[in-house]
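Worksheet: one structure, shown below.
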Amino acid sequence: MINHERRRKLESRVWPHVQTPAQYVGGERNIVVKDHAKVQGKLCLGFPDAYTIGMSHHGLQVLYSLMNRREDWCAERVFTPWPDMEKLLREHKIPLYSLETFTALSEFDVIGLSLQYEISSPNVLTMIDLGGIPLKANDRTMADPLVLAGGPCCQNPEPMADYFDVMITGDGEPALPTVCDLWLKLKKERQLPDGSFATGEAGRKQREEALVIVAQTIASAYVPRFYVPEYGSGRIATLHRTRSDVPETIAPSVISDLDGIPLPTSPIVPYIECVHDRIAVEIMRGCPHLCRFCQSTVIKRPLRVREVDTIVDATLESYKNTGYNEISILSLSSSDYPHFEPLVTKLHEVFKPLGVNISVPSLRVNEQLRTLPVLLGSERRRSMTLAPEVARDDMREQIRKKIKNSDLIEGCRVAFENGFESIKLYFMCGLPGERPVDLDGIVDLAEKIATVGKEVNGRYARVTASVSNFVPKAHTPYQWNGMQRREYFQWAHKYLWSRRRIRSVNIKCHDVETSLLEGVLSRGDRRTGEAIRLAWERGARMDGWHEYLDAQRWWDAIADAGIDVEKQVHEKYELMDKLPWDHVNVKFGRGYLEKEQGRATVQLAEMANAT
């Protein structure tokens, strides 16, 4: 069951020489360890980032719990090792392994990786290579695991298409078991009498035949090898199918009854401090709003909710099984949950006597915000986080973020009156049609809220305006727009700082180089995969962590891969142009996005004329 020989080797030669070895040893509370001889299929769920990030991801816990409820499958975990750990694993010829049984990744039937952040793409290559699996999908045989991707980065699957056998769009809960069961069946049908598989060219052909069946059977499964891009004028011109019996477009996997999907009630409790050390419970999937900049609101449609009793019962069970003293209720916009007040009231009734705090990280700015601070209370919580995105009403109309400054300011006033001491505000810069007055508005709004704090408590409140650089994402009405250039963001950040007058107001701007690289990777076609490989071969590791990111290494790799950054990132697309991700469908589809882009263009012209 557990590979004790590998574990002893790690104990003697590796773990004593790495930082924070507890992230590599497994054995945490609530893990599930099954005897591989007693299950039909073996799945390893991977997160291409550090343990402390991956163990904070609710989706991983959901899928781990879902698959381990089944007697015929085991689900185990793996994360990207830090460079010191990777170096020692390679030195001692130890493959990347699962935390439950120390099984090499190459020995699993399916490896499922969640792609959450484009900058972390090289981590995927580290995990595949270190796990003993051929890096490129076309080089694998039936003896190798099915390498499966899911998550938001699959909405433009092309940059990572060369490295995955199958990429799933949409909800993972219905798709993952279906893919796993089908692949296990296909493996068994192709197994030789001695239990082995064909090798060489015959083995690769055998795997291709199995993947055809996956593409034909599962509507949400994109099998990149059957789709070949053709380019013209530096951009994708069309995407050819190599076979007529695979679908032209990929439909999203969708859960119709979210309340019927069990919540994980025994989440794994890490040995070490993670980014989110708390119980997370998803109360709603999707968002009732249609903000033009937001990819999540498009790809997570339709809106689905869980019942209050389902949430409270699962949360109480999770508390009993973990002992966490904080609960975080999750959704894209928690305060838009239709039973929000009864839910928060019930959670307080159940958990306040137990000394457990209730956290609501995604609050919408509306009239309800004026009452939320009273409802939430401020025990162990002194800060509130809100996302106005922009600061002027005409720009809010442009991005379809229907909120009012008056609601935001009064909500903050009530928060200060109820013991909250600081406010964090999320804004964007670089949106289509942005003007200097929009940047002025960010500072003015932050300082107004700081002043409200002084009116209530006699001193300026701490207000942080966190300003991200806008990247036009796939499947949003702004997908045709180009991204602002480096010089604009550098000027905008300096301008924002020059406008600040109150010392308790902090302006935190996201790193420009990271945002530009995100633009290259999120808006790229299949040629971008070559740049990712080159960056990885030259040492790109853990680039989601600022101290590890070497932007110049990336720009060199992008140039050497022959990518025209101007065309890929900054030049706009015409409405009828082919986009790299057009073969991936979303609810409402491209027609809806085209209409919204048209409306946005008209509004931008009106804004320009009014200025």
Side-chain angles (χ1 to χ4, degrees), residues 291-295 364-365 384-409 411-412 422-454 460-473 476-478 481-519 546 569-570 572 600-611:
C291 300
R292 287 181 178 139
F293 62 87
C294 182
Q295 186 186 64
R364 183 170 178 81
V365 178
M384 180 178 284
T385 300
L386 301 163
E389 311 297 358
V390 297
R392 287 177 56 91
D393 290 339
D394 55 355
M395 182 57 87
R396 289 206 187 103
E397 185 69 25
Q398 157 64 208
I399 68 172
R400 290 198 65 173
K401 181 92 174 184
K402 297 180 179 179
I403 65 173
K404 298 176 181 177
N405 280 350
S406 57
D407 291 328
L408 174 63
I409 292 165
C412 292
S422 63
I423 302 292
K424 185 173 185 179
L425 304 171
Y426 285 113
F427 293 100
M428 292 181 289
C429 80
L431 283 159
E434 184 171 86
R435 306 150 299 179
V437 291
D438 295 304
L439 300 177
D440 292 339
I442 291 173
V443 181
D444 292 344
L445 183 56
E447 294 191 340
K448 173 61 178 176
I449 291 170
T451 303
V452 168
K454 184 179 183 181
Y460 286 116
R462 294 194 311 276
V463 179
T464 299
S466 180
V467 183
S468 63
N469 306 307
F470 177 65
V471 180
K473 288 293 182 78
T476 69
Y478 289 146
N481 292 82
M483 184 179 177
Q484 289 282 9
R485 292 171 177 80
R486 176 182 288 103
E487 294 76 16
Y488 176 82
F489 288 123
Q490 291 172 340
W491 169 82
H493 293 180
K494 289 179 181 177
Y495 183 79
L496 286 166
W497 266 104
S498 73
R499 288 278 288 104
R500 188 184 74 125
R501 295 291 178 267
I502 297 176
R503 290 180 60 187
S504 69
V505 171
N506 186 22
I507 310 290
K508 292 180 66 175
C509 298
H510 288 206
D511 180 65
V512 174
E513 297 303 311
T514 302
S515 298
L516 291 169
L517 288 171
E518 184 183 339
H546 184 71
V569 180
H570 302 302
K572 72 173 186 176
T601 301
V602 170
Q603 289 173 341
L604 284 172
E606 292 173 351
M607 285 170 57
N609 292 334
T611 302

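Sequential numbering from 1 along the given sequence is applied to the chain's residues. Worth saying up front: this structure is predicted, and the values here are computed from it rather than measured.
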Q | Derivation of the side-chain contact (heavy atoms from CB on, under 4.5 Å) call for Thr476 and Phe293 | A | CA-CA 6 Å; Thr476 69; Phe293 62 87; over 6 Å; no

Counting C-beta onward and ignoring hydrogens, is there a side-chain heavy-atom pair between [X] and [Y] closer than 4.5 Å?
X      : Y      : result
Val463 : Cys412 : no
Ser515 : Phe489 : no
Val471 : Val569 : no
Glu487 : Val512 : no
Ile502 : Lys454 : no

Q: Show your reasoning for whether side-chain contact (heavy atoms from CB on, under 4.5 Å) applies to Thr451 and Tyr460.
A: CA-CA 6 Å; Thr451 303; Tyr460 286 116; 3.8 Å; yes

Could you give the distance from [atom1] ([X]) to [atom2] ([Y]), rounded to the nearest 0.5 Å?
X      : Y      : atom1 : atom2 : result
Glu434 : Met428 : CD    : CE    : 9.5 Å
His510 : Ser468 : NE2   : OG    : 5.0 Å
Glu606 : Glu397 : CD    : CD    : 9.5 Å
Lys508 : Trp497 : NZ    : CH2   : 10.5 Å
Asp438 : Met395 : CG    : CE    : 4.0 Å
Glu389 : Ile403 : CD    : CD1   : 7.5 Å

Over all heavy atoms of both residues, which pair between [X] and [Y] is shortest? Give the atoms and the distance, please.
X      : Y      : value
Ala446 : Ala465 : CB-CB, 4.4 Å
Ala492 : Leu439 : CB-CD1, 3.9 Å
Phe470 : Gly430 : CD2-O, 3.8 Å
Gly453 : Ala461 : CA-CB, 3.9 Å
Pro472 : Met483 : CD-CB, 3.8 Å

Q: Among Arg486, Glu518, His493, find the one that has a side chain to side chain donor-acceptor pair (under 3.5 Å) with Asn469.
A: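 Looking at Arg486, Glu518, His493, the match for Asn469 under the side chain to side chain donor-acceptor pair (under 3.5 Å) is His493.
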
Q. According to the interplanar angle, ranging from 0 to 90°, do the rings of Tyr488 and Trp491 count as parallel (below 30°), tilted (30 to 60°) or perpendicular (above 60°)?
A.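 Tyr488 vs Trp491 ring planes: tilted.
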
(Q) Can you tell me which residue among Asn405, Val505, Ile423 is in a side-chain contact (heavy atoms from CB on, under 4.5 Å) with Ile449? (A)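 Among Asn405, Val505, Ile423, the one that satisfies the side-chain contact (heavy atoms from CB on, under 4.5 Å) with Ile449 is Ile423.
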
Q: Check for a donor-acceptor pair, side chain of Gln484 on one end and backbone N or O of Leu431 on the other, with a separation under 3.5 Å.
A: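 No, because the side chain of Gln484 does not come within donor-acceptor range (under 3.5 Å) of the backbone of Leu431.
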
Q. Is a side-chain donor or acceptor of Arg500 paired with a backbone partner of Asn506 at a separation under 3.5 angstrom?
A.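 No; judged by distance alone, with no hydrogens or angles, the pair does not exist.
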
Q) What residue pairs, at least two apart or across chains, pass salt bridge (Lys or Arg N to Asp or Glu O under 4.0 Å) with a residue in residues 441-453? A)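 Residue pairs with at least one partner in residues 441-453: Asp444-Arg499.
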
Q | salt bridge (charged side-chain N to carboxylate O under 4.0 Å, His left out) partners of Arg396, counting only residues at least two apart | A |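 Partners of Arg396 under the salt bridge (charged side-chain N to carboxylate O under 4.0 Å, His left out) test: Asp393.
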
Q. Stepwise, does the side-chain contact (heavy atoms from CB on, under 4.5 Å) test hold for Ile399 with Cys291?
A. CA-CA 6 Å; Ile399 68 172; Cys291 300; 5.9 Å; no

Q: Take Cys294 and Lys401 through the test side-chain contact (heavy atoms from CB on, under 4.5 Å) and record every step on the way to the result.
A: CA-CA 10 Å; Cys294 182; Lys401 181 92 174 184; over 6 Å; no

